[in-house]
Amino acid sequence: MDIDETLVTILESAAGKAFKALQEEHMEEQFYYFAMLNDGNWRPYISAWSREALECFYEENEVEDGEKGWYRWSGVESPYMAYGWDEYFAEYEDFLFETEQKHCEADDDTADAMWKTLLNSMEEAMRRLDQKGIFGTGAARDQVVIAVELVPPARSNYTRTERLNKSGLIREFLDENADLLEEDAEE
């Protein structure tokens, strides 16, 4: 898996600070999903769901039972989407903009390789944060799913999430997102 160590360091630092601040600000909430998302603009951002925020979202939006599974794992629907971007990611804005520009100016093969390196670097950053215990340890960690996802959803979201989680709540995520395996989306 090709990674860019500079990108990993940047993303690990920014996302780590953002996830930690989110948890400290909402200590009364039980978080079960933490994700780093990217919608194709080379500026990853975090998202998360807590059980309390999800129930509030269901109530406020009158979500029907058949639709609840979709929102449960949708980082873009979360009230915590892009949490801490201005505070924790902004210091890297110039670097990320330069990287995006290089990507846009590259030939197709180079651009594809750069994009894969970004996604791999995002995954490695989440792995390192997990190893530091940012998302919990032991039994508490088993109640959490961490993810690196493309927006809109792509097949690779499923496989990255599977690699990042070994037990616990991951079974529910995989079962509820099995339709991603059937997609032929290019990422």
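Values below: every heavy atom of this structure, side chains too, minus hydrogens, waters and symmetry copies.
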Could you state the interatomic distance from CD1 (I134) to CG (L22), rounded to the nearest 0.5 Å?
11.5 Å
So, does T9 use its side chain to make a donor-acceptor pair with the main chain of E5 at under 3.5 Å?
yes
Nearest heavy-atom contact between T161 and V148 is OG1-N, 4.5 Å
Which atom pair, heavy atoms only, marks the closest approach of M122 to P44?
SD-CG, 3.8 Å
For E123, all residues meeting salt bridge (Lys or Arg N to Asp or Glu O under 4.0 Å), sequence neighbours excluded:
R127, R163
Smallest heavy-atom separation, A15 atom then M36 atom, equals CB-CE, 3.7 Å
What distance do L54 atom CG and W73 atom CH2 have between them, rounded to the nearest 0.5 Å?
9.5 Å
Which distance, rounded to the nearest 0.5 Å, do you find between the OH of Y71 and the OH of Y58?
9.5 Å
Please indicate whether E28 has more than 12 foreign heavy atoms, meaning atoms of other residues, nucleotides or ligands, lying under 6.0 Å from its CD.
yes
Strictly by modelled atom types, are R160 and S156 linked by a side-chain donor-acceptor pair under 3.5 Å?
yes
Between S50 and Y80, do the side chains contain an N or O donor and an N or O acceptor separated by less than 3.5 Å?
no
For F57 and W49, run ring pair (Phe, Tyr, Trp, His ring centres under 6.0 Å): C-alpha distance rounded to whole Å, both residues' side-chain angles, the deciding distance at 0.1 Å, then the answer.
CA-CA 10 Å; F57 178 86; W49 271 114; 5.6 Å; yes
side-chain hydrogen bond (donor to acceptor under 3.5 Å, both in side chains) partners for T110, two or more places apart:
D107
Hey, are N38 and R43 close enough side-chain-wise for a donor-acceptor pair under 3.5 Å?
no
F95, F97: one ILVMFWY side-chain cluster at the under-4.5 Å cut-off?
no
As an exercise, state the distance from OH of Y32 to CD of Q143, rounded to the nearest 0.5 Å.
12.5 Å
Any salt bridge between D142 and K166, counting N to O under 4.0 Å?
no
Any side-chain donor-acceptor pair under 3.5 Å between T117 and D2?
no
Could you tell me if the side chain of R72 sits less than 4.5 Å from the side chain of E172, heavy atoms only?
yes
Do you know which two heavy atoms are closest between S13 and Y92, and how far apart they sit?
OG-OH, 3.2 Å
Could you measure the distance from the CD1 atom of I46 to the CE atom of M81? Nearest 0.5 Å is fine.
11.0 Å
Y45 and V151, any side-chain heavy atoms less than 4.5 Å apart:
yes
Is there a side chain to side chain contact (heavy atoms under 4.5 Å, CB included) between Y83 and E25? Walk through the geometry before answering.
CA-CA 11 Å; Y83 180 91; E25 185 177 325; 2.5 Å; yes
Scanning both residues in full, the closest heavy-atom pair of E12 with A125 reads N-CB, 3.7 Å
Would you check if L169 and V144 make a side-chain contact, meaning some heavy-atom pair closer than 4.5 Å?
no
What I'd like to find out is whether the side chain of L150 reaches to under 4.5 Å of the side chain of D39, using heavy atoms alone.
no
Could you tell me which non-hydrogen atom of M114 sits nearest to which non-hydrogen atom of A106, and how far apart they are?
SD-CB, 4.2 Å
Are the charged groups of K17 and E87 less than 4.0 angstrom apart, N to O?
no
Over 60° means perpendicular and under 30° means parallel, so tell me whether F89 and W85 are parallel, tilted or perpendicular.
parallel
Would you call E29 and R51 a salt bridge, using N to O less than 4.0 angstrom?
no
Of Y33, F31, F19, the one forming a ring-ring contact (aromatic ring centres under 6.0 Å, His included) with F135 is F19
N/O donor-acceptor pair under 3.5 Å between S78 side chain and S47 backbone
no
Are more than 12 heavy atoms, taken from residues, nucleotides or ligands other than K102, located less than 6.0 Å from that residue's NZ atom?
no
Donor-acceptor check, side chain of S74 to backbone of W70, threshold 3.5 angstrom: yes or no?
no
Distance col, row E77:CD vs N61:CG, nearest 0.5 angstrom, shows 8.0 Å
Check whether any side-chain heavy atom of R128 sits under 4.5 Å from a side-chain heavy atom of Q131, and report yes or no.
yes
Look only at the side chain of N120 and the backbone of I3, and say whether a donor-acceptor pair between them is shorter than 3.5 Å.
no
